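Encoded as structure tokens, the structure appears first; notes follow it.
Chain letters run A, B, ... following the sequence lines, proteins first and then strands; every chain starts at 1. Quick caveat, the model's predicted, so the values are computed rather than measured.
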2 protein chains.
Amino acid sequence: MALKVKADFQKVKKNRIFQDVVDQIQEAILNRTLRPGDMLPPERELRETFNISRGTLRESLRVLEQKGLIEIRLGTGGGAMVKNAGTEQLTETLGLMIRSGTLSVQDIGEFRQGIEGQIARLATRRATPEDIAILEDLVENARVKTSQGAVEAFLDIDQAVHKEMGRIAGNALYQYAAQVVHDNIRKYYDNFLDFTQKRMEENLLDLQRIVKAMQDQQPREAARIAEQHVSRFNERMLKKESLGH
Amino acid sequence: MALKVKADFQKVKKNRIFQDVVDQIQEAILNRTLRPGDMLPPERELRETFNISRGTLRESLRVLEQKGLIEIRLGTGGGAMVKNAGTEQLTETLGLMIRSGTLSVQDIGEFRQGIEGQIARLATRRATPEDIAILEDLVENARVKTSQGAVEAFLDIDQAVHKEMGRIAGNALYQYAAQVVHDNIRKYYDNFLDFTQKRMEENLLDLQRIVKAMQDQQPREAARIAEQHVSRFNERMLKKESLGH
DNA sequence: CTTTTTGAATGGTTAAACCATTATTATGGT
DNA sequence: ACCATAATAATGGTTTAACCATTCAAAAAG
């Protein structure tokens, strides 16, 4: 953990003082004057630097914290630490939009379908022989779990395959999108406590066919199967939901 | 604008009091006890309701504001108004991730390409004859602007076509994704001050071919052309960027 | 009836103090 | 010397009470 950093902050003037302070600290973080892991000075010190009251400074820190730019810890040696910009905020905001009815679960499932298809397509184009080998190992592992009837282990591997394909696709935004969507739809999928042997075999076949298509350099085919794969989840989910009414 | 609403708030206890207050108000908004347009009581009143200090309450309000759940206005009749959950927060967060280097412009361009393709595909499947007619009108309008050499007007219509197709696709998440990505990439596209007559004709042809594919019920073809359409922007953008180095 | 003035309601800010949590340091027993 | 415990200090969390700044509406002036 790095020590405090001097960042040449300036005194404020605008309408909402705390906003001005937010802007200054955010700018320092985004232009790498402050880097992930750096600690901001203690509140009582920052207060003097900006020449504002502690209350106003704390409003600024709340905003930065909510933006995901800093993380605040208690006690001696605590304080505000600069964070890596991650997906938590995207995930949370999307979750808010779902809960507030702005988005439907169906929308998200359909979106996920397209995203996973595109990832499969890009991954097929960009996969190296080593990448394919990794996927083959995972799928072989999944085959073993399937023959053992180990549902939980199979689902873990299924997820690992999706994650690995995201890496191979080589586009961070697709990876984030897949993760955010998955995190927000997981609680609906989790109603699949009746994940039977037959379903497991269906899904295993999907994985095998996707990797085969990647080996054969058939991006369109890989995308098609990946979409179908997600589609199967979506259909079950929607059927369950309609039964719940 | 609705009046104040009674929402049965409870007194607090947790570690971070302001977080507990955030949770309670957020819950009231998400379960529709508080609806968009409703005003929260004034700070001095909320303060008493929760039995906390005004400073702590204001930290809560800052967080809710940053989440996009409320909007705060000054002066008599001002206060905290419940907001519709929109895309501003997604747009801002994505912007932060770009600026902090977590995402590259190339990633976003490629993502946009896939999104617009999927929208074109879905829109083709779901378009009614009336929808097609609207698109035809827009494209005809674009043709006129092209023949007049009216670049700005053409770009406005191009955007309107994309927006309309998003509506036809019927998936709010795809629409949001397209908007968020577009908002974050616009400043890079805006370097196209050299949008020539030839480019305009190229793009007009794309639009005409997309609508044709939709009429012919060819979702794959529509998606392919839409992707190509975006791809053309991306290539120019990347070429510009590399020249800038 | 229109314009101007005034006042009240509301968010924005300050100040100084105290509380709660945590890591470090000092203490004391073995 | 070592380990467990207690004291200490640094830091964020909270409270209180006051005052400032902005806005809208009602009262006053013309």
Distance-only check: which donor-acceptor pairs under 3.5 Å involve side-chain atoms of residues 154-163 of chain B, not counting sequence neighbours?
unit_1	atom_1	unit_2	atom_2	d
B/D158	OD1	B/H229	NE2	3.1
B/H162	ND1	B/E116	OE1	3.0

**Report entry** Residues that B/K67 engages under side-chain hydrogen bond (donor to acceptor under 3.5 Å, both in side chains), provided they are two or more places apart
**Finding:** A/E92, B/Q26

Report summary line: Across all chains, not counting sequence neighbours, the side-chain hydrogen bond (donor to acceptor under 3.5 Å, both in side chains) partners of A/T76 are none

Heteroatom pairs (N/O) under 3.5 angstrom, protein to nucleotides 18-25 of chain D:
unit_1	atom_1	unit_2	atom_2	d
D/dT23	O2	B/T76	N	3.2
D/dT23	O2	B/T76	OG1	2.6

Can you tell me the distance, in whole Å, between the [atom1] atom of [X] and the [atom2] atom of [N]?
| X | N | atom1 | atom2 | result |
| --- | --- | --- | --- | --- |
| B/F50 | D/dT14 | CZ | C1' | 16 Å |
| B/I17 | D/dT14 | CD1 | P | 5 Å |
| B/Q19 | D/dG13 | CD | P | 11 Å |
| A/E43 | D/dG13 | CD | P | 6 Å |
| A/M39 | C/dA23 | CE | C1' | 13 Å |
| B/M81 | C/dG11 | CE | P | 13 Å |
| A/R73 | D/dT11 | CZ | C1' | 13 Å |
| A/I72 | C/dT22 | CD1 | P | 15 Å |

Query raised in the report: Can you list every pair that meets ring pair (Phe, Tyr, Trp, His ring centres under 6.0 Å) and has a residue in residues 57-98 of chain A, with sequence neighbours left out?
Result: none

Query raised in the report: Where each residue is assigned the nucleotide of DNA chain C containing its nearest heavy atom, which of A/S53 and A/G78 is assigned the position nearer the 5′ end?
Result: A/S53

Query raised in the report: Taking only residues two or more places apart in sequence or in another chain, which ones pass ring pair (Phe, Tyr, Trp, His ring centres under 6.0 Å) with A/F111?
Result: B/Y174

Query raised in the report: Among residues 57-71 of chain B, which contact DNA chain C at a heavy-atom distance under 4.0 Å?
Result: B/R58, B/R62

Query raised in the report: Do any side-chain nitrogens or oxygens of B/T56 fall under 4.0 Å of OP1 or OP2 in D/dT15?
Result: yes

**Report entry** Within residues 93-109 of chain B or reaching into it, pairs that qualify as side chain to side chain donor-acceptor pair (under 3.5 Å) - sequence neighbours excluded
**Finding:** A/E27-B/R99, B/S100-B/T102, B/S104-B/D107

**Report entry** Distance-only side-chain donor-acceptor flag, B/D20 / B/Q24, under 3.5 Å
**Finding:** yes

Query raised in the report: So A/D23 and A/Q19, side chain to side chain donor-acceptor pair (under 3.5 Å) or not? Walk me through it.
Result: CA-CA 6 Å; A/D23 291 342; A/Q19 185 61 56; 3.1 Å; yes

**Report entry** Residues which pass side chain to side chain contact (heavy atoms under 4.5 Å, CB included) with B/D131, listed by chain and number, not counting sequence neighbours
**Finding:** B/A127, B/T128, B/R167, B/I168

